[in-house]
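Below: one structure, written as structure tokens.
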Amino acid sequence: MKLKKQFFLNDVLEVAPYLLGKTLVRRFEDGTIKKYIITETEAYRGEEDLACHCSKGKTQRTSIMYEEGSKIYVYLIYGMYWMLNFVCYNEGEPQAVLIRGIVGFDGPGKLGKELQINKEFNEKEISNCEKIWIEDNNKTAKYTTKPRVGIDYAGEIWKNKLWRFILDENI
DNA sequence: GCTGAGATTCTT
DNA sequence: AGAATCTCAGCA
């Protein structure tokens, strides 16, 4: 069954690890439906988190993260890769979980390409979207935590946070 | 308006 | 180590 909106109102540090092992379902333009197991996520949490886009405050790009949880946040990085995120927690407190890996497509850029993610997904409702959704299995997966990737600019405190969650069986 | 850098990946 | 390639933020 689909993950409910309520689930994304929790703190991102609860949401990110819980998403591991869950099934990400994508309905493509031609009607084909494919399912992928989520293997890796990363948490970005609040304006004080220097690695979070919201550390620079509310802008046109980041305004979606200030809304209530369960919205999809998509953006283009390095001019070629679409990143897929889900907004978490309460309105006014920006948090998001980045999907970094799914079975068979290890890396946020690769999975964005495979899922054919584009700017049209931005600001959609993940709990009520006909193109993409997540299926719950009511299980808690075993996982390993590591520092986040690609954020050396965030400073020692935030760089060393263990907010990257990796599904154990996939290592 | 222009410039620099980025939650990446693939090639040299 | 560097290119590919585009959007946004910051500054003029």
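Within every chain, numbering begins at 1; the chains are lettered A, B, ... in the order of the sequence lines, protein sequences first and strands thereafter.
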Atom pair NZ (A:Lys110) and CG (A:Leu115), whose distance is rounded to the nearest 0.5 Å: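 One finds 13.5 Å between NZ of A:Lys110 and CG of A:Leu115.
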Complement of C:dT5, any strand, by Watson-Crick or G-U distances under 3.5 angstrom: none
Pairing nucleotide - B:dA7, Watson-Crick or G-U, each distance under 3.5 Å: none
Positive for salt bridge (Lys or Arg N to Asp or Glu O under 4.0 Å) with A:Asp49, one of A:Lys161, A:Arg148, A:Lys159: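 So, applying the salt bridge (Lys or Arg N to Asp or Glu O under 4.0 Å) to A:Asp49 and each of A:Lys161, A:Arg148, A:Lys159, only A:Arg148 qualifies.
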Pair A:Ser70, A:Glu125: side-chain N/O donor-acceptor within cut-off below 3.5 Å: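 Looking only at side-chain atoms, A:Glu125 and A:Ser70 do form a donor-acceptor pair, the distance falling under 3.5 Å.
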A:Arg26 NZ/CZ over A:Tyr36 ring centroid, <6.0 Å and within 45° of normal: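 Geometry flag: not set, cation outside 6.0 Å or 45°.
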Cationic tip of A:Lys58 above A:Tyr66 ring, under 6.0 Å, 45° of axis: yes
Sugar-phosphate or base contact per nucleotide [nucleotides 2-8 of chain B; S, B, -; heavy atom under 4.0 Å]: ----BBB
Side-chain heavy-atom pair A:Phe28, A:Lys34 within 4.5 angstrom cut-off: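 Yes, their side chains come closer than 4.5 Å.
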Qualifying residues under salt bridge (Lys or Arg N to Asp or Glu O under 4.0 Å), relative to A:Glu123, sequence neighbours excluded: none
Boundaries of the chain A footprint along DNA chain C (any atom under 4.0 Å from a heavy atom): C:dA4 to C:dG10
A:Phe7 ring center within less than 6.0 Å of A:Tyr18 ring center: yes
